[in-house]
Structures are given as C-alpha cells and as structure tokens.
Amino acid sequence: NEIRCLVRYAVDELGLESQPLQVDTGSGVLACQWFRDGEHVSAVRVAMGPCRFQRASVSIEGDGEATEIPVEAGGQGFQATGVSVGNPHMVIFHEAPSDLVHQWGPSLTGHPLWQAGANVEGVRVITPTHLEVSVWERGCGPTQACGTGATAAAAAAVRHGHSPANAAITVTLPGGDLEIEIAS
C-alpha cells in the first residue's frame, strides 16, 4: 500500500510521467503502472515479483517448502504456509481471520520457527476468486491494509488449490479491497 501511495504522490504532486514508474525497494525494482481518473491517479498496479515458499526465504530452518507447517500459539494448533514477498509472511487459513489475527497474532508474529518474525495473515476463502484477509504486521500489530500480505494470502490460496492462477482474486481487507493476480 505504501508503494501505491508513493506512486500517486510522484505522479500527482511531483509530475513524474514514466509508465510504468520504476520504484527501487529493499526487495528490488518494482514496475508500477498507474491509471488516472480525471486529473489524479485513481489506481496503481504493482508487479510485486515472485512469491517464494522456500523455508530459507521466510527464515525457517531446514530445506524444502514452508507449506503446511504446524505452529502453536496459546495452546491452539494451526497449519501455516510461509511466503516471502520480499518480507516473511505466515498465512493461516481460518474461518474467522480477524479473530485469529487479534487473538493469536501477537504470539504468532514472533513464533520461534520464523527466525526473523513474520507478518501473520488470517485468510478465509469466500469463493475461489474472493478472499477475506486480516493481517498482524510484525512490529505494528493489526493493520487495515497490507499489499504484501494480500499478495502472500493470494499466493498461498493458489498454491493450496483454493484459488486459480492467472485470474483476478479480490482480497478483502478491513481497509478495502485489492485485486491480486498470481501468475502460474
């Protein structure tokens, strides 16, 4: 979400006109295509780069993928998927994502398996192309919106067969909807 705000500011306030606008981030250069509705930027599409499921990518010891990792918090067991979108995420499919994030997010974000900590996403599959997501951002707490969290949730949904690749997936966060497409 920050990158979308930056692009809007760069185009609307600084007059940058590159299309796509290339933004150098800690995870590399991201191409950001922007769209106007009249005078101002109304939408930004960010090419987030590849999502990685390897344990090393999300700072979990061992080899292989970080899918279906058993984790526990407060006596409750979960199956988590580790996803890196330039930062580490712990995605947990749950019928009540907001409850999961608010009740167990503080414990899960610093779970010892995730050596660098993780953003925690609670995800409910509404339909194959619509996910409800709540995010506990490491170091911040519950957030209204998180672009990397929405991307991690959609990538995990595709990886587990809940959602299709190469299709628009609406991710509903407390702060609004994002549209995510995960390439096959």
Side-chain angles (χ1 to χ4, degrees), residues 1-54 56-59 81-91 97-98 101 105 109 114 116-124 126-159 163-184:
N1 289 313
E2 293 161 1
I3 197 168
R4 293 182 313 133
C5 294
L6 174 70
V7 169
R8 183 174 183 184
Y9 179 81
V11 174
D12 285 352
E13 301 300 323
L14 301 178
L16 299 180
E17 293 288 330
S18 298
Q19 189 66 282
L21 190 63
Q22 304 292 323
V23 179
D24 192 1
T25 73
S27 299
V29 176
L30 302 179
C32 303
Q33 186 178 10
W34 47 272
F35 306 89
R36 278 201 172 116
D37 182 12
E39 292 181 34
H40 300 287
V41 171
S42 60
V44 177
R45 174 174 271 196
V46 181
M48 297 293 288
C51 295
R52 293 183 172 83
F53 293 90
Q54 293 76 24
S57 297
V58 291
S59 299
T81 296
V83 184
S84 174
V85 189
N87 57 344
H89 293 266
M90 178 190 302
V91 178
S98 180
V101 163
T109 192
W114 269 257
N119 291 347
V120 178
E121 285 78 33
V123 181
R124 180 172 71 97
I126 297 171
T127 70
T129 58
H130 190 185
L131 307 175
E132 175 189 0
V133 176
S134 287
V135 179
W136 183 280
E137 194 165 344
R138 65 183 173 157
C140 296
T143 62
Q144 293 296 303
C146 179
T148 59
T151 302
V158 169
R159 177 59 57 110
S163 297
N166 305 313
I169 300 169
T170 300
V171 177
T172 298
L173 296 145
D177 293 347
L178 290 175
E179 189 174 284
I180 308 290
E181 185 175 321
I182 303 297
S184 56

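For Ser42 (side chain) and Phe35 (main-chain N/O), a donor-acceptor pair under 3.5 Å exists by modelled atom type. Formation of a donor-acceptor pair under 3.5 Å by the Ser163 side chain with backbone atoms of Pro128 is found in this model. Panel note: side chain Asp12, backbone His40; no donor-acceptor pair is recorded below 3.5 Å.
For the pair Ile169/Val158, a side-chain contact is recorded, criterion being any heavy-atom separation below 4.5 Å from C-beta on. Between Arg138 and Pro88, the closest side-chain pair of non-hydrogen atoms falls below 4.5 Å. Considering only heavy atoms from C-beta on, Asn119 stays 4.5 Å or farther from Trp136 through its side chain. Val123 is not listed as a side-chain neighbour of Pro97, based on a closest heavy-atom distance of 4.5 Å or more. Counting heavy atoms from C-beta on, the side chains of Arg36 and Val11 come closer than 4.5 Å. Val91 is not listed as a side-chain neighbour of Arg159, based on a closest heavy-atom distance of 4.5 Å or more.
Rounding to the nearest 0.5 angstrom, the gap separating the CZ atom in Arg8 from the CG atom in Leu21 is 14.5 Å. In this structure, CD1 in Ile126 is found 9.0 Å from OG1 in Thr170, a value given to the nearest 0.5 Å. Taken from CG in Leu178 to CG in Leu131, the straight-line distance is 11.5 Å, to the nearest 0.5 Å. Glu137 contributes atom CD, which lies 12.0 Å from atom CD of Gln144 (distance to the nearest 0.5 angstrom). Note: Leu30 CG to Ile3 CD1 = 4.5 Å, rounded to the nearest 0.5 Å.
Residue-environment remark: CD (Glu17) exceeds the threshold of 12 foreign heavy atoms within 6.0 Å. The number of heavy-atom neighbours closer than 6.0 Å to CZ of Arg45, taken from other residues, nucleotides and ligands shown, is 12 or below.
In this structure, Ala31 and Gln22 approach most closely via the heavy-atom pair CB-NE2, 3.8 Å. Residue Trp34 comes nearest to Leu16 through the heavy atom pair CZ2-O, 4.3 Å, listed as atom of the first residue, atom of the second, then distance. Annotation for Gln19 and Gln33: closest pair OE1-CA, 3.3 Å, computed over non-hydrogen atoms. Contact between Val133 and Pro174 at its shortest, heavy atoms only, is O-CD, 3.5 Å. Across every non-hydrogen atom of Ala150 and Leu173, the tightest pair is CB-CD1, 4.2 Å. For the residue pair Val120 and Val101, the shortest heavy atom distance occurs at O-CG2, 4.1 Å.
Counted by atom type alone, Asn166 and Ser184 present one or more donor-acceptor pairs between their side chains at under 3.5 Å.
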- Residues Phe53, Val83; criterion side chain to side chain contact (heavy atoms under 4.5 Å, CB included); working and verdict: CA-CA 5 Å; Phe53 293 90; Val83 184; 3.5 Å; yes
